[in-house]
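We count ligands from 1, going down the list as the structure has it; atoms in each ligand are counted the same way. Remember, predicted model here, so these are calculated numbers, not experimental data.
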Amino acid sequence: MPGADAAAADARVTPMMRQFLEIKTANPDSLLFYRMGDFYELFFEDAVVASRALGITLTTRGKHLGTDIPMCGVPVHAADDYLQRLIALGHRVAVCEQMEDPAEAKKRGSKSVVRRDVVRLVTPGTLTEDNLLDSRRNNFLAALARLRAGGDDGFALAWADISTGEFAVVEATRAELPALIARVDPGELLIADALYDDGDLRDLWRDMRSAVTPLPTAVFDSTAAERRLRDYFDVATLDGFGPLGRPEIAAAGAVIAYIDRTQMGEKPPLKIPAREARGAVMAIDPATRANLELVSTLSGERRGSLAEAVDRTVTAAGGRELARRLSSPLTDPQRIAARHAAVAWLAERPALRRGLRETMHAAPDIARARARIVLARGGPRDLAGIRDGIGAVHALCARLRADAGPGPDGAAGTGADMPPILADIAARLDGPDRALFDELTTALVERPPHLRRDGGFIQADFAADLDDARRLRDESRQIVAGLQARYQEATGIKSLKVRHNNVLGYFVEVTAQHGDRMLAAPLSETFFHRQTLASQVRFSTTELADLEGRIASAAERAMALENEIFDALVARIVGDGAALEAAAAALGELDVHAGFAELAVERNYVRPVVSDDLAFDIVGGRHPVVEQALARDGGGPFVANDCDLSPPDGVSGDAAAGRILLITGPNMAGKSTFLRQNALIAVLAQAGGFVPAETAHIGVVDRLFSRVGAADDLARGRSTFMVEMVETAAILNQSGPRALVILDEIGRGTATFDGLSIAWATIEHLHEVNGCRALFATHFHELTALAETMARLHNATVQVKEWKGEVVFLHEVVPGAADRSYGIQVAKLAGLPAPVLSRAREVLERLEETDRRAGAAGLADDLPLFATHVRSAAATPVPPANAALVQRLGGVSPDDLTPLQALEMLYELKRLAETGGDGQDAG
Ligand code: ADP
Ligand code: MG
């Protein structure tokens, strides 16, 4: 890119190119969409990049410093499409508009350039347009801040969706980051340069699906952040936001700073940041999310995911809310039960539910329409969206309240029995101003156009002066329409036409053969020649010119009046912001509850009991996705299975710890399905939904882990065994008694004895150290011997029948161990050639014989106890902290130190460290 040297002014740099370079220099890391008439043009390197990314033609335009300037362009009307593709590819785009009419610029002299300015930076996290966004997903802009505190850094993540107004913030530790970021799944993550370059965190950024944008570290300064938040929300102090810590303020402030920078001062309608309590949601790390296919499958599609299987919502807001709930199940049994109560109430009232869902289905996306309006990007259709939205929420409120009787359908009542969540939803639905609805209804036509400049969105009879202007315009148009017949008669030319184009305006057109007669008197007195084409000649008349002027000025006046009314309505909508926003959120929530109720009725789900203990008792559980897939493909019924992981000696008490179920059974028997269905049932239950089971009792799960052995896990492009071990390590290091751990064929990715040994030790660790509830599927039958020595380990197997040498899968989980793998039978099903099968049988018999002579049961007895390993590892001494240092530091209040004092303090600490023993970094 030519930069500063270009400014060393080559005299031949055109004024326009000079303007372009100035703007480009101010936006070095974005592609610059430079508006020229009906196109956005890109120049230089931008043009090369964009033409390649978009597959559009690269041309040149003039020269700069002696070389051709590469150029490509996209038409303004199709710009959204191109923007979307560039953003999806990870680019950022600066949109530079013409800030005045070209005619204005001309007045300043023929050489002067139209004023242009960047009006917006388009980045992945700051989109608002419907066609750039997925309507059923949030698009979060997130910022991660770190507060250095020596060994244990504190982090905070803030995230906002500027297209809907949501804004939240939470504190986290380093270990919690992967799960947290995976849950929020931001479209763009902002981090300080220093974090970006941090060796310890670099892998995290690299594995991220979202765009990562490093920013100068100063953007994360908590003092500046505090000021920015105060300004944005126009408050004197942040006290009203709850007790926000320094990192939380820094993160939230960075989000605001970035919005400021990209929106050029336009303020999206953000709520004040909601502070999420630590541990309020089930921690689910990225690998587990991917594995359980919560919101998308391993191949990245929504089809086949849990979200798709359980989604019965009918609105975009409901879809977004559901996705949020499924990715962040709650951990507070009371809040969870409150959601279940709402679902139960709606499940009992089919007629009410149907009515609510019909109304919601027709409702527009209020939150996104409002965000566009507030950002001055809204059109008439967004106003109609607000109008119809208010209409819908009021109707929903009325329906809910009317139907809130003491009993199921039909019973009348006062609404006193309505679950609190629904009563609160009803109250918020009632919030938006009725007068605003009336105004919008009287002002707007039923179906207004997308764009303001199309006009015609204000109803007739709404404003007298607008009606006048329109009448004038339309009458003149009618006169023009009548002129053709009159002119045909006057000239005797039947083929004469009155036509219109953008260059000439209205004109009279005759074929060339009549041209001469029109050009001669007496006709030439009325018809002035304008243009001669190959086969037509064109004329105008004083009358036409006059009418044209009248039409243009009346149309212009009508447009101006419509715009005035538009602006007034926008101001009203902005003014009623909080109520609209609350109602929009309430609609999304209602949709989720009603959708869960619909699902429960449709697929026979039950209300789970979620308690504060360590129970995990599912009776007749089914896999929500596989069950539906089987039904859809006519694949026979899904076989329901029980799963009891509750502590054997009672569910509560300090010593209580859940069971581990070790599941063996042949390939294709249904082990993986069984494992996942139990994890998914926990997720669904804690997200607030009913579950596919006969009964379900779940002690709150605070962390969920799911891992699949490397051989099963083909979707990753890395050394799979290494990945498997890294992930297993995370589980063993992080699971406490409230965790639920799903391990599927761990140890598969390496040689048999290695794998078996690792699986063996892993189970022992889960049992002895983690004490968590766990499901462990394995093809190592040797492991079943462990049940004899471990009190809380139980064996289960998935039944198969052998019938005439073939296996029949019963998919039934029963206590006990599988006697064999049936691998050869499965191989037969798969069509392996007969000689291979019979040879394999022979080898197997031989191997089994050897195996029986040195059984694994013997091994379990011979090995030293696992506990001795835990003890010896724990005995490694930790260096003692420097007491004098710690004590001195404890008395320091950094906020009260001048820089000089701080420096002196540093010397003193260093002295202390040297005299007091080991010099530990207090960071
Ligand atoms: P495994 O892990 O034991 O090899 P999977 O869990 O992958 O077996 O199951 C194999 C197939 O069996 C699944 O794709 C599914 O179609 C079917 N299946 C599994 N469990 C059940 C069940 N409980 N009822 C009906 N079909 C099942
Ligand atoms: Mg499997």
> Using a strict cut-off of 4.0 Å, indicate which atoms of ligand 1 neighbour a heavy atom of A669.
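Checking each atom against A669, I get 1 (P), 3 (O), 8 (O).
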
> Any idea which atoms of ligand 1 are less than 4.0 Å away from a heavy-atom of N667?
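Near N667, meaning under 4.0 Å from one of its heavy atoms, ligand 1 has 4 (O).
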
> Report yes or no: does G665 have a heavy atom closer than 4.0 Å to ligand 1?
no

> Specify whether H340 and F690 have parallel, tilted or perpendicular ring planes, treating 30° as the upper limit for parallel and 60° as the lower limit for perpendicular.
perpendicular

> Is it true that E308 and R302 make a salt bridge, defined as a side-chain N closer than 4.0 Å to a carboxylate O?
no

> Tell me the contacting part of P666 for ligand 1: side chain, backbone, both, or neither, using a 4.0 Å heavy-atom threshold, strictly below.
backbone

> Hey, does F638 come in under 3.5 Å of ligand 1, counting only N/O atoms on both sides?
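Among all N and O atoms of F638, none is under 3.5 Å from an N or O of ligand 1.
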
> Say whether G670, considering both its backbone and side-chain N or O atoms, lies within less than 3.5 Å of an N or O atom on ligand 1.
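Yes, there is a polar N/O contact under 3.5 Å.
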
> Please check whether V626 reaches ligand 1 - meaning an N/O of the residue sits under 3.5 Å from an N/O of the ligand, judged on distance alone.
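In fact, backbone or side chain, V626 has no N or O that close.
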
> Supply the atom-to-atom distance T331 OG1 to D702 CG, rounded to the nearest 0.5 angstrom.
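The OG1 atom of T331 sits 7.5 Å away from the CG atom of D702.
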
> Inspect the surroundings of CD in Q334 and state if more than 12 heavy atoms from other residues, nucleotides or ligands are less than 6.0 Å away.
no

> Does only the side chain of V798 get under 4.0 Å from ligand 1, or the backbone, or both, or neither? Count heavy atoms.
neither

> Would you say ligand 1 has an N or O under 3.5 Å from any N or O of L630?
no

> For a salt bridge (Lys or Arg N to Asp or Glu O under 4.0 Å) check, start with the C-alpha distance between D612 and R738, then their side-chain angles and the critical distance, and finish with the verdict.
CA-CA 10 Å; D612 219 351; R738 289 199 167 282; 3.6 Å; yes

> Has M668 got an N/O/S atom less than 2.8 Å from the Mg ion (ligand 2)?
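Looking at M668, which is the residue asked about, there is no N, O or S atom under 2.8 Å from the Mg ion (ligand 2).
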
> Return yes if a side-chain donor-acceptor contact under 3.5 Å exists between N138 and R324, otherwise no.
yes

> Do R289 and S706 have a side chain donor and acceptor closer than 3.5 Å?
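The answer is no; no qualifying pair exists.
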
